2 protein chains.
Amino acid sequence: MISGGDRMAQVDDNDDASRDASTPRDTGTLGKLMVLLDLVTHSDAPLRFTDILALAGQPRGTLHRQLGHLVEEGLLEIDAEGRYAPGLRLLDLASRSWARNEFRLIAAPHLAALHRETGETVHLGVLRGSSIIYLDKVEGHQPVRMYSQIGNASPCYCTGVGKAALSVLTADKLSELLRSLHFNRFTSATHMNAETLLAEIRDIVSVGHAYDREEHEAGIRCVAAPIWSDDRSFIGGVSVTGPAYRLSMELLQAWAVPVQMTARKIMDEMRIRLGPRR
Amino acid sequence: MISGGDRMAQVDDNDDASRDASTPRDTGTLGKLMVLLDLVTHSDAPLRFTDILALAGQPRGTLHRQLGHLVEEGLLEIDAEGRYAPGLRLLDLASRSWARNEFRLIAAPHLAALHRETGETVHLGVLRGSSIIYLDKVEGHQPVRMYSQIGNASPCYCTGVGKAALSVLTADKLSELLRSLHFNRFTSATHMNAETLLAEIRDIVSVGHAYDREEHEAGIRCVAAPIWSDDRSFIGGVSVTGPAYRLSMELLQAWAVPVQMTARKIMDEMRIRLGPRR
DNA sequence: AAATAAAGTTCCAAATAATGGAATTTTTCG
DNA sequence: CGAAAAATTCCATTATTTGGAACTTTATTT
């Protein structure tokens, strides 16, 4: 179906919990096209027309015209074998979106400072639905594969930034989100139900920071602090991440202070630059 | 403020020469929505409803619903003041598009090698219409601002990769593209007409590499080599870029060899991995 | 604080674009 | 070459979008 030979072990969390397949979208023609765009971008190899036909379950004629429109607009591309892949227009649109993002611009110098202080990778993320979208990253001197993280949508229930973000949701929004979650096991430490997750969130609320104890990726730990606007319409977080062999839980605990201070500084500046209510 | 008196000719063709110039955009509802998305992402500040109303020249009711759909799908976002900005969903889509791009994956190790050899910034770009879209970048040890370059669309007539790409277009495609170009002065060295550009392209064809002599940005030089598929359905390029004070034209000339060799290696591997025809 | 203006939102008959089943063409493969 | 699969085109029907106007909310002025 979805292409036979999948070489390279594309490590992918997939899961897209922020949008539920069962919930129909009420955005008319655009919604239907975005479903297709998601289908193609979430696949890990280009899809042939027939593959998409099977996945989308639409009439041939309809699907053909829809894909044609997406290609025409550069959102999809057809390769030499007639298979559909994500289009480069997405890159152009996204680079503009990223370059001007106010939150990222405000946070950038503080992320750099936190990186200097800890020497480990620093992440900035935003809560969107039930996913964390990483907006920025400051890391060491390895040949960086930045896009591998920036723009990536990861589940909120197994990342430091995600759990920190959940801890500042209003009670009703939190329970609503918890109800809609479906859990995916990434490691043996991944939360697999709302009860244990909620219990940890209560702890996070009281201490003001969250840990990822190898819950998303084996061997990777992090400590994170939430960032939120006064009216909670905007929620994100900042984290310091690294390999477990180098980052003991004690060390992470010590870093909780600078991480929280970084979050605080970013929030202070947001109030100045974006106004106090938001 | 943004919108001054610039009432943007609707079918401005922005940059896509790959689209047949004679046929107007015929992607129905999607096409209309993409015009709006472009409007908002190309602005350099969030736009209010009324700003967009003036720019798009559509009836209030229509525009309102269209923007609503774009917001609903996460392609646009509304900030606290009710202004429209590019949405984060674009980042998620783009990161997937980038992560799986075969050309980039093939080229990556060769870019790294070229960077090691020269010590300067290496770029990988693809010709899209009359723009170069940068797909990857390898640079020094500064805190990297990758998105600032990756995904960026730059004009083909004033960048090294762009001119290198033009040099491998078929004669008819080249003249078609040259006809559709409108030139924008970035520096005193920027080509401002098709004649001088075409003259330089002839030189590039004969030597196999192109220079950017501070034509896009003052103080920045580069040397680039084209990369193309046998059937010319795919055209891009690789370059080494740096500050003019450090990169004399003599040094760039010396680097033309490794840059061309890098391009050659990438093309060889493309033939193996993607098949010889394409 | 009331009046006024501007911005934003909702409504619904008419216009337009999308739909989908089937026919047709092209490509692939034995 | 011939058969099967895949991709593409066609067009009457159906659903979505359209756009003018009425309406509500927010900002500005007196």
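The sequence lines fix the lettering, A, B, ..., with proteins before strands; numbering per chain opens at 1. Nothing here was measured: the structure is a model prediction, and the numbers come from that model.
Atom CD in A:Gln58 sits roughly 7 Å away from atom P in C:dG20 (whole-Å rounding). Protein atom CD1 of A:Ile78 is 13 Å distant from nucleotide atom P of C:dT27, rounded to whole Å. Here the C1' atom of nucleotide C:dG20 and the CG atom of A:Leu63 are 12 Å apart, to the nearest Å.
End-to-end axis angle of the helix from C:dA1-D:dT30 to C:dG30-D:dC1, from C1' rotation axes over five pairs per end: 50° (rounded to 10 degrees).
Listed nucleotides: C:dG20, C:dA18, C:dA17. Nearest to the side chain of A:Pro59: C:dG20.
Residues satisfying the salt bridge (charged side-chain N to carboxylate O under 4.0 Å, His left out) test with A:Arg264, not counting sequence neighbours, are A:Asp268. Residues forming a salt bridge (charged side-chain N to carboxylate O under 4.0 Å, His left out) with A:Glu176 (at least two apart in sequence, or on another chain): none.
Mapping heavy-atom proximity under 4.0 Å, the span of DNA chain D touched by chain B runs 5' to 3' from D:dT17 to D:dG20.
Under the ring-ring contact (aromatic ring centres under 6.0 Å, His included) criterion, the residue pairs touching residues 60-91 of chain A are A:Phe49-A:His64, with sequence neighbours excluded.
The minimum heavy-atom distance between A:Leu70 and A:Leu33, with the atom names listed, is CD1-O, 3.9 Å. Across all non-hydrogen atoms, the minimal contact from B:Leu177 to B:Gly129 is CD1-O, 3.5 Å. Taking every heavy atom of both residues into account, A:Pro226 and A:Met267 meet most closely at O-CE, 3.8 Å.
Side-chain contact of A:Ser154 with A:Asn152: a donor-acceptor pair under 3.5 Å is absent, judged by distance alone.
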Pairwise N/O distances under 3.5 Å, protein to nucleotides 6-10 of chain C:
residue	atom	partner	partner atom	Å
C:dG8	OP2	B:Thr50	N	3.1
C:dG8	OP2	B:Thr50	OG1	2.4
C:dG8	N7	B:Arg60	NH2	2.6
C:dT9	OP2	B:His64	NE2	3.0
C:dT9	O5'	B:His64	NE2	3.2

(request) Verify side chain to side chain donor-acceptor pair (under 3.5 Å) between A:Thr27 and B:Glu73, making sure each step is shown before the conclusion. (result) CA-CA 8 Å; A:Thr27 45; B:Glu73 289 296 336; 2.5 Å; yes

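Here the side chain of A:Thr159 pairs a donor or acceptor atom with the backbone of A:Pro155 at under 3.5 angstrom.
Ring planes of A:Phe103 and A:Phe234: perpendicular class, angle over 60° (limits at 30 and 60°).
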